[in-house]
Amino acid sequence: MASLTVSDEQVRATPTKVIQPAWVRVMHWINALAMILMILSGWQIYNASPLFGFSFPREYTLGGWLGGGLLWHFAAMWLLMINGLAYLVTGFATGRFRKKLLPITPSGVLHDVRAALTFKLGHDDLTVYNYVQRLLYAGIIAVGVLIVLSGLGMWKPVQLYYLVMLFGDYPTARYVHFFCMAAICVFLVIHVLLALLVPKSLRAMIIGR
């Protein structure tokens, strides 16, 4: 009985594995907040001059009118840019991106997509990203860079004309910005669904373990 008691105490005393360090968790939730504010205020701005034959429902927009939407958008823009830049610098400096996101191979992605579609994709070790996760996370970083560059060009098209020229012209920059927003929305839906399907991943992003 004593040996069993000691064994139980040893198990309880064994430190759990850190899956998400504190800096990742803090920046993740700041990014999430900034993204939601920017998307909702961006929909308000879009409604003032739609690119396509539809508008976003007013109850899902932020700002109440064009001026209000712009104020929210610019405020969230600085939050996203500063936090996102800090995340990129820290991710590269610590080697986290190289360790977590590489390599990405077509065969690996196809294998894990098939496994996911047949509900056979394992999530035993949350410290290791599967190929689908690597592709999604690397892709959303690239989309984030594009949406910031196109957004800055639209914000200051005269002063930052070289950013507008990077996309060809101002109208094209608007389309790039819109489709990047759409890609982020799709990513968020997939991200939330995966978190609900694997609750321990959400727990790790809250408490780290």
Side-chain angles (χ1 to χ4, degrees), residues 23-58 60-98 100-102 104 133-192 205:
W23 68 268
V24 170
R25 303 198 307 275
V26 171
M27 292 182 183
H28 170 274
W29 292 112
I30 293 176
N31 270 340
L33 173 63
M35 281 286 188
I36 292 172
L37 293 177
M38 291 209 71
I39 289 171
L40 297 182
S41 59
W43 289 353
Q44 179 66 58
I45 298 168
Y46 168 91
N47 284 350
S49 180
L51 288 171
F52 304 100
F54 69 89
S55 296
F56 293 98
R58 183 180 179 86
Y60 297 120
T61 62
L62 182 64
W65 58 300
L66 176 58
L70 286 169
L71 289 175
W72 275 103
H73 209 63
F74 292 149
M77 174 189 74
W78 291 113
L79 179 63
L80 180 66
M81 285 181 57
I82 294 172
N83 188 69
L85 182 60
Y87 179 75
L88 287 177
V89 170
T90 309
F92 282 114
T94 60
R96 178 179 174 85
F97 290 161
R98 175 181 54 79
K100 294 284 190 179
L101 304 181
L102 297 177
I104 301 175
Q133 288 175 300
R134 295 179 192 181
L135 182 63
L136 285 174
Y137 294 149
I140 205 62
I141 290 174
V143 169
V145 172
L146 276 177
I147 202 169
V148 167
L149 293 178
S150 59
L152 287 174
M154 292 161 56
W155 177 42
K156 298 288 186 179
V158 176
Q159 297 89 332
L160 303 176
Y161 68 92
Y162 48 88
L163 288 181
V164 177
M165 292 300 100
L166 181 66
F167 300 100
D169 53 28
Y170 187 88
T172 303
R174 284 195 69 199
Y175 280 101
V176 170
H177 201 69
F178 178 88
F179 286 115
C180 284
M181 177 277 297
I184 290 173
C185 289
V186 172
F187 170 83
L188 290 176
V189 171
I190 296 174
H191 191 57
V192 171
M205 190 53 75

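In what follows, residues are counted from 1 in the order of the sequence shown.
Note: Y162 OH to L152 CG = 8.5 Å, rounded to the nearest 0.5 Å. Note that the CG atom of L85 and the OG1 atom of T90 stand 9.0 Å from one another [nearest 0.5 Å]. A distance of 9.5 Å separates NE2 of H73 from CG of L80, quoted to the nearest 0.5 Å. A distance of 11.0 Å separates NE2 in H28 from CG in N83, rounded to the nearest 0.5 Å. In this structure, CE in M154 is found 12.5 Å from CG in L160, a value given to the nearest 0.5 Å. The CG atom of L71 sits 10.5 Å away from the CG atom of L62 when rounded to the nearest 0.5 Å.
For W23, the CH2 atom is densely surrounded, since the number of other residues' heavy atoms within 6.0 Å is greater than 12. Counting heavy atoms of neighbouring residues, nucleotides and ligands inside a 6.0 Å radius, atom CZ of F74 exceeds 12 of them.
The nearest pair of heavy atoms linking M27 to Y87 is SD-CA, 3.5 Å. Taking all atoms of both residues into account, the shortest heavy-atom contact from Y60 to W43 is O-CE3, 3.2 Å. Taking all atoms of both residues into account, the shortest heavy-atom contact from V164 to Y170 is CG1-N, 3.4 Å. Taking each heavy atom of S150 and A173 in turn, the nearest pair found is CB-O, 3.8 Å. In this structure, L37 and S41 approach most closely via the heavy-atom pair O-OG, 2.7 Å. When all heavy atoms of Q44 and L66 are compared, the pair lying nearest together is NE2-N, 4.1 Å.
Evaluation of the ring-ring contact (aromatic ring centres under 6.0 Å, His included) rule for W29 yields no partner, not counting sequence neighbours. Considering only residues two or more places apart in sequence or on other chains, W72 meets the ring-ring contact (aromatic ring centres under 6.0 Å, His included) condition with none of them.
Considering only heavy atoms from C-beta on, V24 comes within 4.5 Å of M205 through its side chain.
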Residues I147, H177; criterion side chain to side chain contact (heavy atoms under 4.5 Å, CB included); working and verdict = CA-CA 5 Å; I147 202 169; H177 201 69; 3.4 Å; yes

Show me the side-chain donor-acceptor pairs of residues 179-187 shorter than 3.5 Å, one per line, residues at least two apart or across chains.
none

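Ring orientation note: the planes of Y175 and F52 are nearly perpendicular, at an angle over 60° on the 30°/60° scale. Aromatic ring orientation, F56 versus F178: tilted (interplanar angle from 30° to 60°).
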